[in-house]
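Quick note: numbers below take in every heavy atom, side chains included, and nothing from hydrogens, waters or symmetry partners.
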Amino acid sequence: MANLVTFAKKLWKDKAGGNTPITAAELNRMEGGINDCANQINKLGDSVSQRTETVRGDYGEVTFKKNGLVYFVKSSLTINGTVTTGKWATICHAPSWFIVNSYWLSTRDSSGKVTGIWTIRNGEVQVYLQTATDKSLVVEGMMMG
């Protein structure tokens with residue numbers, strides 16, 4: 001992605017004898033260069049792959065999002081009696097485009113108390129509960145890909 005924007009850098013020198021006066025023309029040239037860079041960055045951002053997918057599992061939905069190099073996960077899970085505290089439980093499979101080798105987040109109950117950890121391992125969303133008094137869990141997180 002080289003040469004998206006061209007801009008001629010200027011070497012500024014102190015004092016009037018430096019032959020680099022601050023003029024409206026120079027300030028407008030710099031403003032134009034900044035504007036061109038901002039436009040190219042916005043175009044590049046618009047062209048980056050953006051995806052969203054919600055996967056339903058036995059315990060609720062997990063929403064996966066990708067915006068450029070940033071990955072987001074959000075879920076609200078209702079854990080039933082089949083999940084045992086102190087053991088890993090598979091919630092659902094992650095989409096194939098959600099390319100994260102490991103992803104660790106805290107699992108919180110409705111009061112905000114940490115109840116366990118949540119991860120994606122081998123393409124599966126898994127939860128490990130330390131305590132399970134509240135069966136409604138929320139997980140949100142973000143990471144760079």
Side-chain angles (χ1 to χ4, degrees), residues 1-14 18 20 22-145:
M1 288 195 216
N3 299 323
L4 291 175
V5 177
T6 58
F7 186 78
K9 181 180 170 183
K10 185 172 205 167
L11 180 61
W12 293 86
K13 297 179 183 173
D14 290 332
T20 55
I22 298 174
T23 64
E26 277 302 311
L27 292 173
N28 287 329
R29 181 185 73 82
M30 288 190 293
E31 288 286 326
I34 293 167
N35 187 59
D36 290 347
C37 287
N39 288 338
Q40 286 298 328
I41 290 169
N42 289 335
K43 285 180 187 176
L44 182 61
D46 290 343
S47 70
V48 174
S49 173
Q50 298 181 14
R51 298 184 79 163
T52 300
E53 185 174 338
T54 299
V55 178
R56 185 136 193 62
D58 292 339
Y59 307 104
E61 293 182 343
V62 180
T63 300
F64 300 88
K65 293 183 181 183
K66 179 184 180 205
N67 187 349
L69 297 177
V70 182
Y71 292 84
F72 301 90
V73 174
K74 182 173 184 176
S75 69
S76 293
L77 307 174
T78 302
I79 304 299
N80 61 29
T82 61
V83 175
T84 306
T85 58
K87 296 194 179 207
W88 287 100
T90 298
I91 304 301
C92 66
H93 290 283
S96 60
W97 53 266
F98 200 85
I99 47 173
V100 178
N101 291 328
S102 65
Y103 190 95
W104 300 89
L105 296 170
S106 61
T107 304
R108 298 182 180 275
D109 65 16
S110 58
S111 70
K113 178 185 170 194
V114 174
T115 57
I117 54 177
W118 187 93
T119 188
I120 296 176
R121 294 190 308 183
N122 302 319
E124 292 183 339
V125 176
Q126 298 179 343
V127 65
Y128 181 94
L129 298 179
Q130 297 165 335
T131 61
T133 54
D134 187 342
K135 303 294 185 176
S136 298
L137 305 176
V138 175
V139 179
E140 293 182 298
M142 175 182 80
M143 74 167 296
M144 300 297 289

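Rounding to the nearest 0.5 angstrom, the gap separating the CG atom in Leu11 from the OG1 atom in Thr20 is 8.0 Å.
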- [ ] Start with the C-alpha distance between Tyr128 and Thr119, add both sets of side-chain angles, then the distance that settles side-chain contact (heavy atoms from CB on, under 4.5 Å), and finish with yes or no.
- [x] CA-CA 8 Å; Tyr128 181 94; Thr119 188; over 6 Å; no

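Counting heavy atoms from C-beta on, the side chains of Val125 and Phe64 come closer than 4.5 Å. At a threshold of 4.5 Å between non-hydrogen side-chain atoms, the residues Ile91 and Val62 count as touching.
Applying the side chain to side chain donor-acceptor pair (under 3.5 Å) criterion to Lys10, with sequence neighbours excluded, gives Glu26. Thr54 meets the side chain to side chain donor-acceptor pair (under 3.5 Å) test with Thr63; sequence neighbours excluded. For Glu124, the side-chain contact (heavy atoms from CB on, under 4.5 Å) test picks out Thr90, His93, Gln126, with sequence neighbours left out. Remark: Glu53 pairs with Trp97 by the side chain to side chain donor-acceptor pair (under 3.5 Å) rule, at least two apart or across chains.
The neighbour count for Asp14 CG, taken as heavy atoms of other residues, nucleotides or ligands under 6.0 Å away, does not exceed 12. Atom CD1 of Ile22 is surrounded by 12 or fewer heavy atoms from other residues, nucleotides or ligands within 6.0 Å.
Among all heavy-atom pairs drawn from Gly57 and Cys92, the shortest one is CA-CB, 4.2 Å.
No side-chain donor-acceptor contact under 3.5 Å links Asn35 to the backbone of Glu31. Judged purely by atom type and a 3.5 angstrom limit, Arg29 uses its side chain to pair as donor or acceptor with the backbone of Ala8.
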